[in-house]
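Just below is one structure, and these are the notes that go with it.
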Amino acid sequence: MSDTTINTAEVDISGLSKRYGPEGAGVQAVADVDLHIASGEFVAIVGASGCGKSTVLRILAGFEPATGGTVTVGGAPITAPGPERGVVFQDYGLFPWLTVHENVAYGPRRRRLSRARVRELTERFIRTVGLTRFADKYPGQLSGGMQQRVAIARVLANEPTVLLMDEPFGALDALTRSDLQTELKRIHIETKTTVVFVTHSIEEAVFLADRVVVMTGGASHGVPGHISRVVTIDLPAERDITSPDFNEYKREISDLVHAVADHV
Ligand SMILES: Nc1ncnc2c1ncn2[C@@H]1O[C@H](COP(=O)(O)OP(=O)(O)O)[C@@H](O)[C@H]1O
Ligand SMILES: [Mg+2]
């Protein structure tokens with residue numbers, strides 16, 4: 001495979017429900033979730049705390065089984081985690097005893113690729129996230145933003161068809177966060193990988209996504225978490241967060257998140 005290989009797959013969620021704990025006594029976290037995500041699409045999921053965003057993402061990652069419905073990636077049902085679904089969470093999950101290069105090479109090595117291919121993928125994605133000069137450093141020697149860049153490079157080196165991100169920039173300062181958003185956008189345009197991105201930040205969702213999925217409900221509202229609206233962001237790829245159109249989307253989505261939260 002060359003640098004221009006495109007790895008991407010569609011995601012299909014149909015009638016998904018998830019209960020934690022025993023039937024009748026557990027917590028019904030989400031119910032009736034239907035969502036089709038096209039290959040190469042960038043979808044953000046927003047909603048108040050507890051509405052089930054992370055639950056949906058963990059099921060897509062294969063960390064957690066659904067209790068109802070079906071979820072497929074590239075047409076295949078999800079039964080376990082797999083390298084074709086790259087997962088980036090808020091804590092970087094890097095190996096502190098390995099250098100940046102070794103952290104990124106870890107996945108390709110486990111896939112038993114040739115030495116040359118491992119090196120090619122590792123160097124390419126370290127370059128993609130702008131860390132070539134830091135390849136021999138250890139995670140502890142890097143800032144939080146740089147560590148999160150390593151985490152992104154590490155999953156990209158597995159050539160995932162889908163990138164699953166849960167509040168990946170939530171722990172970063174505002175400036176670093178905005179840099180990484182711009183960078184993720186560029187990476188998405190370059191790799192065409194399908195992205196499912198969970199965030200608390202409506203602005204981040206409108207900046208990044210082709211569509212924003214609004215979830216409401218959740219155990220504390222007495223109804224399971226569910227999708228209340230999907231908003232298509234009809235803005236150019238280069239987005240100006242100060243433009244009237246951008247702010248109109250922010251207002252619309254904010255109203256959906258809050259209005260429904262008050263009424264369910
Ligand atoms: N492992 C678990 N065991 C029991 N309940 C859980 C577990 N994980 C999440 N929940 C509950 O499921 C609901 C949805 O949680 P979560 O998906 O983490 O929401 P979000 O990411 O939107 O904040 C919440 O009510 C939460 O308390
Ligand atoms: Mg969460």
Side-chain angles (χ1 to χ4, degrees), residues 11-35 37 42-71 73 78-81 85-93 144 148 151-152 155 162-172 177 180-181 184 194-209 211-231 250 253-264:
V11 175
D12 199 70
I13 303 176
S14 181
L16 174 69
S17 64
K18 173 67 183 178
R19 183 191 64 248
Y20 293 102
E23 202 167 347
V27 177
Q28 189 67 44
V30 297
D32 300 322
V33 174
D34 292 303
L35 183 64
I37 302 172
F42 196 127
V43 165
I45 302 178
V46 300
S49 207
C51 69
K53 304 180 295 297
S54 296
T55 295
V56 171
L57 214 71
R58 284 202 301 270
I59 292 169
L60 285 172
F63 296 157
E64 195 86 68
T67 47
T70 54
V71 184
V73 170
I78 291 165
T79 54
R85 278 160 287 137
V87 177
V88 182
F89 288 165
Q90 190 167 320
D91 55 15
Y92 323 108
Q148 198 56 304
I152 293 169
V155 301
V162 178
L163 210 50
L164 304 170
M165 309 182 92
D166 194 348
E167 311 254 6
F169 308 145
L172 305 174
R177 185 170 186 154
L180 276 172
Q181 287 165 356
L184 177 61
T194 308
V195 183
V196 188
F197 188 102
V198 165
T199 179
H200 263 104
S201 162
I202 293 169
E203 178 167 301
E204 182 167 76
V206 176
F207 181 73
L208 288 170
R211 284 190 297 156
V212 176
V213 172
V214 180
M215 286 186 71
T216 52
S220 62
H221 296 280
V223 290
H226 57 277
I227 294 176
S228 61
R229 194 79 73 85
V230 180
V231 179
K250 265 176 73 177
I253 293 165
S254 175
D255 285 350
L256 288 166
V257 167
H258 297 112
V260 194
D262 292 340
H263 294 299
V264 252

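Residue numbers start at 1 and run along the sequence shown. All figures in this text were calculated on a predicted structure; none of them were measured in a lab. Whatever order the structure lists ligands and atoms in, that order sets their numbers, starting from 1. Just the heavy atoms: all of them, side chains too, but no hydrogens, waters or symmetry mates, feed the values below.
Relative orientation of the Phe42 and Phe197 rings is tilted, given thresholds of 30° and 60° on the angle between their planes.
Remark: Glu167 does not engage Lys53 in a salt bridge, criterion side-chain N to carboxylate O under 4.0 Å.
None of Leu60, Val73, Asp34, Ile227 except one satisfies the side chain to side chain contact (heavy atoms under 4.5 Å, CB included) rule with Ile13; the exception is Leu60.
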Pairs of nitrogen or oxygen atoms, one from ligand 1 and one from the protein, closer than 3.5 Å: please tabulate them with distances.
| from | atom 1 | to | atom 2 | distance (Å) |
| --- | --- | --- | --- | --- |
| ligand 1 | 8 (N) | Arg58 | NH2 | 3.4 |
| ligand 1 | 17 (O) | Thr55 | N | 2.8 |
| ligand 1 | 17 (O) | Thr55 | OG1 | 2.5 |
| ligand 1 | 19 (O) | Gly52 | N | 3.2 |
| ligand 1 | 21 (O) | Ser54 | N | 2.9 |
| ligand 1 | 21 (O) | Ser54 | OG | 2.8 |
| ligand 1 | 22 (O) | Cys51 | N | 3.3 |
| ligand 1 | 22 (O) | Gly52 | N | 3.0 |
| ligand 1 | 22 (O) | Lys53 | N | 2.9 |
| ligand 1 | 22 (O) | Lys53 | NZ | 2.9 |
| ligand 1 | 23 (O) | Gly50 | N | 2.7 |

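Considering every non-hydrogen atom in both Ile45 and Met215, the closest pair reads CG2-SD, 3.7 Å. Pairing each heavy atom of Val46 with each of Ala205, the nearest pair is CG1-CB, 3.6 Å.
Taking backbone and side chain together, Thr55 holds no N, O or S atom under 2.8 Å from the Mg ion (ligand 2).
Without hydrogens or angle criteria, Gln148 side chain to Arg177 main chain gives no donor-acceptor distance under 3.5 Å.
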